[in-house]
> 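Sharing a structure with you now.
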Amino acid sequence: MFNNRIKVKALLAGEPAGQQATVMGWVRTFRNNQFVALNDGSTNNNLQVVLELGKFDDTLLKRITTSAALKVTGTVVASQGKGQKLELKADTIEILGDSDAEKYPLQPKKHSLEFLREKAHLRFRTNTFGSVFRIRHSLAFAIHKFFNEKGFVYLHTPIITASDAEGAGEMFRVSTLPFDNPPRREDGTIDFSEDFFGRATNLTVSGQLEGELGATAFGEIYTFGPTFRAENSNTARHLAEFWMIEPEMAFCDLEDNANLAEEFIQYIIRYAMEHNADDLEFLRQRLLEEEKAKPQTERSELDLIQKLEFVVNNQFERITYTEAIDILLQSNHYKKKKFQYDVSWGIDMQSEHERYLVEKHFKKPVIVTNYPKDIKAFYMRQNEDGKTVAAMDILAPGIGEIVGGSQREERLERLEQRMTEMNIPHEELWWYLDTRRFGTVPHAGFGLGFERIVQFVTGMSNIRDVIAFPRTPKSAEF
RNA sequence: UCCUCCUUAGCUCAGUUGGUUAGAGCAUCUGACUGUUAAUCAGAGGGUCGUUGGUUCAAGUCCAACAGGGGGAGCCA
């Protein structure tokens with residue numbers, strides 16, 4: 001029986017009234033042969049367990065090492081020391097699991113994030129990762145809560161997909177054919193008709209196309225699942241395996257889409273602020289410490305919590321692509337030739353351009369709409385000007401593109417014409433085109449990279465530190 | 001994938017123009033102390049200097065390749 005335990009979070013929230021309590025957790029530090037800082041993952045705050053001198057065996061005390069698992073029963077009393085309101089005066093201590101101090105790699109001190117990345121199986125036991133992953137959980141939960149309250153259906157789109165039409169990037173092949181000697185056709189190409197699914201299949205790069213099938217029946221759906229890109233991207237904001245949220249709404253245009261995206265982002269951030277105040281406070285302090293090493297000019301004006309409050313309490317800026325280009329062209333930054341890449345209408349904005357708009361010009365999240373059709377996907381709705389499509393990107397300070405979405409082309413002829421222009425095989429997407437044949441309606445949706453919003457909320461600068469076990473090129477340990 | 005920087009003790013790092021036995025703080029271990037907050041004090045152990053090859057009388061130090069990692073860029077979410 002273990003369920004008589006009280007979690008540290010609950011215990012710390014109560015009053016020290018001399019009541020009995022049993023806690024279980026892992027030792028963070030053992031000071032003075034007398035004070036155990038015990039953490040059970042329910043909160044960043046440790047419980048101070050006090051061991052009366054002489055009350056416990058030396059052999060037991062020797063086994064209270066960093067990260068040993070303990071069961072402690074004792075009396076909850078007001079703390080005599082500073083730093084905590086209450087503490088647990090131990091009556092009995094049971095070592096549930098020993099931890100060899102000479103071999104345990106984490107010390108009660110500050111470790112670099114790079115080092116902890118190589119100890120990803122243990123990094124949850126640190127304050128930073130404890131906070132990050134509790135916040136990650138809250139955001140995931142808030143996402144389901146938000147859509148559920150709005151009547152969206154949670155649709156599970158396939159992980160294995162046969163369509164390569166989305167063009168969202170390089171894909172991971174899924175196959176049971178032998179690598180060393182795959183069956184070949186007469187022309188030497190691999191014969192996938194003999195593969196498991198009878199055709200070439202890959203891991204999904206997006207659930208959007210299937211999402212549209214759901215939206216044109218349920219009205220409003222969302223997906224929230226793993227997504228895979230085999231791009232050789234080595235950056236602080238890319239993963240080969242990441243989680244994406246893709247809502248898709250029928251009877252919805254670009255403006256409705258932008259409104260929903262903004263409301264959604266504010267909702268989930270607000271949820272984390274309400275439910276993870278301690279974790280955010282810890283991360284706020286952590287970032288302040290980190291910024292002390294930087295020159296004053298590079299430090300951020302707002303701390304983490306101020307930044308989140310600002311985002312939650314202010315409307316996102318909304319501009320068209322054309323306006324964005326004008327702002328860039330008229331900026332002093334451009335006139336002084338400080339952009340590495342040139343600016344003109346029709347370019348796919350580089351991250352330096354996006355960063356200028358978001359971090360220098362507006363200093364808040366920006367929704368950019370109506371991009372040139374030539375730099376966007378085939379399924380986006382063509383605007384009447386013949387040049388742009390009803391696309392929408394949300395750019396966030398410090399992260400870049402956090403949301404990419406659009407109103408979809410619901411007119412069959414326009415969609416087919418665009419697919420032809422972009423060399424997208426019609427026959428492969430017959431099922432997608434059927435939505436436009438049978439009761440087509442204006443609809444829209446977007447994709448939000450989950451890890452990027454977790455980065456934004458936690459202030460972690462590397463995406464590998466907001467997913468438990470990151471998959472990146474040349475790296476799939478754990 | 002491109003540019004750039006890094007790799008020395010368990011961790012964070014120092015190591016001079018190439019020169020004998022490679023250092024510090026923390027951690028660990030031993031002891032002391034005991035209301036501590038990354039406890040403190042004293043002592044001890046701990047190293048194939050990322051790997052391979054080269055230059056040299058002599059390489060942690062110079063050169064090359066490879067591996068891993070950081071930062072920036074591209075691709076994107």
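Convention: sequence-line order gives letters A, B, ...; per-chain numbering from 1. Just so you know, these numbers use all the heavy atoms, side chains as well, and skip hydrogens, waters and symmetry mates.
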> Using whole Å, what does the distance between atom C1' of nucleotide rG70(B) and atom CG of N462(A) come to?
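After rounding, the gap between these two atoms is 9 Å.
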> Would you please name every residue forming a side chain to side chain contact (heavy atoms under 4.5 Å, CB included) with T369(A), sequence neighbours left out?
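Scan of T369(A) (side chain to side chain contact (heavy atoms under 4.5 Å, CB included), adjacent residues dropped) gives L254(A), T320(A), I367(A), M392(A).
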> Answer yes or no: does a side-chain N or O of R28(A) lie under 4.0 Å from OP1 or OP2 of rU37(B)?
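Checking R28(A) against rU37(B): no side-chain N or O falls below 4.0 Å of OP1 or OP2.
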> Between protein and nucleic acid, restricted to nucleotides 26-31 of chain B and to nitrogen or oxygen atoms under 3.5 Å apart, what atom pairs and distances do you find?
from	atom 1	to	atom 2	distance (Å)
rA27(B)	O4'	Q107(A)	OE1	3.3
rU28(B)	O2'	E102(A)	OE1	3.4

> Is it the case that the side chains of N259(A) and R318(A) hold a donor-acceptor pair, with the cut-off being a distance below 3.5 Å and no angle test?
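Result is yes, a qualifying pair exists.
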> Between the protein and nucleotides 2-8 of chain B, list every N/O to N/O distance that falls short of 3.5 Å.
none

> Between F450(A) and K474(A), which is nearer to the 5' end of RNA chain B once each is assigned its nearest nucleotide?
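Looking at the nearest nucleotide for each, K474(A) comes out on the 5' side.
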> Once side chain to side chain contact (heavy atoms under 4.5 Å, CB included) is applied, do any residues pair with L116(A), and if so which ones, sequence neighbours excluded?
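Side chain to side chain contact (heavy atoms under 4.5 Å, CB included) check on L116(A) returns L106(A), H111(A), R123(A), T126(A), F129(A).
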> Measure CD/Q48(A) against P/rA38(B) and give the value in whole Å, please.
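Distance check: Q48(A) CD to rA38(B) P gives 11 Å.
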> Who passes side chain to side chain donor-acceptor pair (under 3.5 Å) against S138(A), sequence neighbours left out?
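For S138(A), the residues satisfying side chain to side chain donor-acceptor pair (under 3.5 Å) (neighbours in sequence not counted) are N276(A).
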> Between C1' on rU37(B) and CG on N33(A), what's the gap in Å once rounded to a whole number?
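Between C1' of rU37(B) and CG of N33(A): 16 Å.
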> Take the protein atom CG of N45(A) and the nucleotide atom P of rA38(B), then report the distance between them rounded to whole Å.
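One finds 13 Å between P of rA38(B) and CG of N45(A), rounded.
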> If we check side chain to side chain donor-acceptor pair (under 3.5 Å) with Y379(A), which of these qualifies: Q407(A), R418(A), Q208(A)?
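Running side chain to side chain donor-acceptor pair (under 3.5 Å) over Q407(A), R418(A), Q208(A) with Y379(A) returns exactly one hit, Q208(A).
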> Determine, using ring centers only, whether H156(A) and Y154(A) are less than 6.0 Å apart.
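Yes: the rings meet the under 6.0 Å criterion.
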> Would you mind telling me which of rU36(B), rU12(B), rU1(B) lies closest to the side-chain atoms of S112(A)?
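For the S112(A) side chain, the nearest candidate turns out to be rU12(B).
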> Among N370(A), D393(A), D348(A), find the residue that satisfies the side chain to side chain donor-acceptor pair (under 3.5 Å) test when tested with K376(A).
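Checked N370(A), D393(A), D348(A) against K376(A); only one passes side chain to side chain donor-acceptor pair (under 3.5 Å): D393(A).
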> Between C1' on rC13(B) and NZ on K110(A), what's the gap in Å once rounded to a whole number?
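It is 15 Å, rounded to the nearest whole Å.
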> For the residue pair W345(A) / T322(A), report whether a side-chain donor-acceptor contact shorter than 3.5 Å exists.
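Present: a donor and an acceptor within the cut-off.
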> Please give, in whole Å, the distance from rC33(B) P to L61(A) CG?
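Rounding to the nearest Å, CG of L61(A) and P of rC33(B) are 15 Å apart.
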> Output the rounded distance in Å from CD (Q340(A)) to P (rA73(B)).
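From Q340(A) CD to rA73(B) P: 9 Å.
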> Going by heavy atoms closer than 4.0 Å, what residues in residues 113-133 of chain A are next to RNA chain B?
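Per residue number, the list reads E114(A), F115(A), R117(A).
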> Among residues 74-93 of chain A, which ones have heavy-atom contacts with RNA chain B below 4.0 Å?
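Nucleic-acid contacts, sorted: S79(A), Q80(A), G81(A), K82(A), Q84(A), E87(A).
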> Respond yes when some side-chain nitrogen or oxygen of R31(A) is under 4.0 Å from OP1 or OP2 of rA39(B), and no when none is.
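Looking at the OP1 and OP2 atoms of rA39(B), one of them is under 4.0 Å from a side-chain N or O of R31(A).
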> Side chain of H238(A), base of rC76(B): donor and acceptor closer than 3.5 Å?
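Answer yes: a donor N or O sits under 3.5 Å from an acceptor.
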> Both conditions, 6.0 Å and 45 degrees, for the charged tip of K307(A) above the ring of F456(A): are they met here?
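Here K307(A) passes the 6.0 Å and 45° test against F456(A).
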> So what does the secondary structure string of RNA chain B come out as, 5' to 3', with Watson-Crick or wobble pairs under 3.5 angstrom, [ ] for crossing and | for pairs with another strand?
(((((((..((((.....[...)))).(((((.......))))).....(((((..]....))))))))))))....
> Mind calculating the distance between CG (N46(A)) and P (rU36(B)) to the nearest angstrom?
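Checked: the CG to P distance equals 18 Å.
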> Check whether any side-chain N or O of T29(A) sits under 4.0 Å from OP1 or OP2 of rA39(B), and answer yes or no.
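It does, given that an N or O in the side chain of T29(A) lies less than 4.0 Å from OP1 or OP2 of rA39(B).
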> I'd like to know if S233(A) reaches the base of rC76(B) with its side chain such that a donor and an acceptor end up less than 3.5 angstrom apart.
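Absent.
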> Decide yes or no on ring-ring contact (aromatic ring centres under 6.0 Å, His included) for F35(A) and F30(A), but give the supporting numbers first.
CA-CA 6 Å; F35(A) 302 98; F30(A) 184 27; 8.9 Å; no
> List in chain and number order the residues that pass side chain to side chain donor-acceptor pair (under 3.5 Å) with D100(A), two or more places apart in sequence or in another chain; answer none if no residue qualifies.
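Partners of D100(A) under the side chain to side chain donor-acceptor pair (under 3.5 Å) test: none.
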> Residues of residues 346-357 of chain A with any non-hydrogen atom less than 4.0 angstrom from an atom of RNA chain B: list those, numerically ordered, please.
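Hits under 4.0 Å, by residue number: D348(A), Q350(A), S351(A), R355(A).
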> Kindly write out the residues that satisfy side chain to side chain donor-acceptor pair (under 3.5 Å) with Y104(A), not counting sequence neighbours, or none if the list is empty.
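Side chain to side chain donor-acceptor pair (under 3.5 Å) list for Y104(A), sorted by chain: S67(A).
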> Output all residues satisfying side chain to side chain donor-acceptor pair (under 3.5 Å) with T59(A), sequence neighbours left out; order by chain, then residue number.
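Here the qualifying residues are D57(A).
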